[in-house]
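Input: a single structure, listed below in structure tokens.
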Amino acid sequence: MQTLERVRAEGRPEPRWMRGASWRNFQIKYREVNDIHKRMLRVSAKIAALPAGAARDRAHDHLLRGQSNDIYWHGLFGGIYLADLRLATLRQLIEAEATADAAAGDLRNALTADLDLDGRDEVLLADAGQVVTVDLDEGAGIGDWDIRGVRHALTSVLRRRPEAYHAAILRASGHQGDAPGADAGQFSGDDGPTSIDGVGRAKEEGLAAFLSYDDHERRSGLVRFLPVDATALTYGAGEIEDLGTALDAPNSIVALSDGRLDTVADAAVSVAGVAVPVSVAKVIELGGSADGPTLEVAVTIANRGDRRIVARLG
């Protein structure tokens, strides 16, 4: 956006070609887009492995619906930010995977695999009622928690990130420079024909107050160490800096069995400016039935240092 504004100010002809980008770029910027795309590829491979027949045809139909492009990007007409579109697409992928797994007799699973194709293994736990994925390298957080019975992606949330158009909102409210990219891009184009990518309108007043950003990926089951006066409201809004490093610490597998994952991570907690080492053990266990699945996450913290830690565990 900075380059675009500069060449516009110089009256150069290049802006006519500086519009949009490859859809693959969205997989880089948005972890959620990449996760859904790789899930789609995983489901597609399962369906391709099925023998020809009614189950394969039914699963393939839902897969095609789950390949609707709306949530694999973000733009003026919708995309990954719109929860109704996101959940509708995920519903189709969950239906397709459940159909394929049932046809293959493979509803229960506990495996390590590079699910998001980042070169590092994640863990997938599945039974008749749910599918859970865990990112070991980023705090052993739960990225996906699919409830098969109702075809619902329970943890499908989105990290709050700076967007180029936020800069115009900040400028309009007199907060120049308050967010990353705050000097990037105007809504309006030059005097010639305007691309729709350069048009924006504020729908309501006070939008700048909602521009809060997350410093980590929003997975479930992450471990945080917070000041003792922290509340769910304040730390949930991302306003409080974490005292510890467990939030995105790499985890090692201690044990992996049917429906259960045990992990451990080395982390630290800041006490009066001193990093106190801690060990964070986590157990993620599936339970319940196909119609009433349950998920239990148990966390055990061990202080490995010689200083007392006083903090709120999040």
Next on the checklist: I'd like to know if the side chain of Thr155 and the backbone of Trp145 have a donor-acceptor N/O pair within less than 3.5 Å.
Outcome noted: yes
Next on the checklist: Quick check on the hydrophobic clustering: are Val297 and Leu261 connected, directly or via other members, by side-chain heavy-atom contacts under 4.5 Å?
Outcome noted: yes
Next on the checklist: I'd like to know if the side chain of His62 and the backbone of Ala59 have a donor-acceptor N/O pair within less than 3.5 Å.
Outcome noted: no
Checklist entry - With a 4.0 Å cut-off, would you call Arg65 and Asp61 a salt bridge? => result yes
Checklist entry - Salt-bridged, Arg151 to Glu97, with N to O below 4.0 Å? => result no
Next on the checklist: What I want to check is whether the side chains of Lys38 and Asn34 have a donor and an acceptor closer together than 3.5 Å.
Outcome noted: yes
Checklist entry - Sub-3.5 Å donor-acceptor pair from the side chain of Arg31 to the main-chain atoms of Arg159, do we have one? => result no
Checklist entry - Counting N and O atoms only, with roles assigned by atom type, does the side chain of Arg219 sit under 3.5 Å from a partner on the main chain of Gly139, one being a donor and the other an acceptor? => result no
Item to check | Check ion pair Asp106-Lys46 (N to O, under 4.0 angstrom) | outcome: no
Checklist entry - What pair of heavy atoms forms the shortest contact from Gln130 to Pro293, and how long is it? => result NE2-CB, 3.5 Å
Checklist entry - Quick one: does Arg312's side chain have a donor or acceptor within less than 3.5 Å of a partner on Val228's backbone? => result yes
Next on the checklist: Does Glu138 form a side chain to side chain contact (heavy atoms under 4.5 Å, CB included) with His216? I'd like the steps, not just the answer.
Outcome noted: CA-CA 9 Å; Glu138 294 190 28; His216 62 283; over 6 Å; no
Checklist entry - What about Ile36 and Tyr81, same hydrophobic cluster or not, with Ile/Leu/Val/Met/Phe/Trp/Tyr joined at side-chain heavy-atom distances under 4.5 Å? => result yes
Checklist entry - Can you tell me if Lys282 uses its side chain to pair, donor with acceptor, with the backbone of Ala265 under 3.5 Å? => result no
Checklist entry - Is Glu205 atom CD crowded by more than 12 heavy atoms from other residues, nucleotides or ligands, each under 6.0 Å away? => result no
Checklist entry - What about Leu243 and Leu247, same hydrophobic cluster or not, with Ile/Leu/Val/Met/Phe/Trp/Tyr joined at side-chain heavy-atom distances under 4.5 Å? => result no
Checklist entry - Would you say the side chain of Leu313 lies within less than 4.5 Å of the side chain of Phe225, judging by non-hydrogen atoms? => result yes
Checklist entry - Quick one: does Asp121's side chain have a donor or acceptor within less than 3.5 Å of a partner on Asp114's backbone? => result yes
Item to check | Under 3.5 Å: donor-acceptor pair, side chain of Asp127, backbone of Gly129 | outcome: yes
Checklist entry - Are Asp291 and Ser289 linked by a side-chain donor-acceptor pair shorter than 3.5 Å? => result no
Next on the checklist: Grouping I, L, V, M, F, W and Y whenever their side-chain heavy atoms are under 4.5 Å apart, do Ile284 and Leu222 come out in a common cluster?
Outcome noted: no
Checklist entry - Is there a donor-acceptor contact under 3.5 Å from the side chain of Arg307 to the main chain of Ala275? => result no
Item to check | Over all atoms of both residues, closest heavy-atom pair of Gly244 and Asp242 | outcome: N-OD1, 2.8 Å
Checklist entry - So, does Glu122 use its side chain to make a donor-acceptor pair with the main chain of Leu115 at under 3.5 Å? => result yes
Next on the checklist: side chain to side chain contact (heavy atoms under 4.5 Å, CB included), that's the test. Do Asp146 and Arg39 meet it? Break it down for me.
Outcome noted: CA-CA 12 Å; Asp146 299 340; Arg39 177 210 294 247; 2.4 Å; yes
Next on the checklist: If hydrophobic clusters are built by linking Ile, Leu, Val, Met, Phe, Trp and Tyr wherever their side-chain heavy atoms come under 4.5 Å apart, do Ile71 and Leu93 end up in the same one?
Outcome noted: yes
Checklist entry - Between Ser156 and Arg86, do the side chains contain an N or O donor and an N or O acceptor separated by less than 3.5 Å? => result yes
Checklist entry - If every non-hydrogen atom of Thr263 is compared with every non-hydrogen atom of Ala140, which pair is closest and at what distance? => result OG1-CB, 4.0 Å
Item to check | Ring geometry between His37 and Tyr72 (parallel below 30°, tilted from 30 to 60°, perpendicular above 60°) | outcome: perpendicular
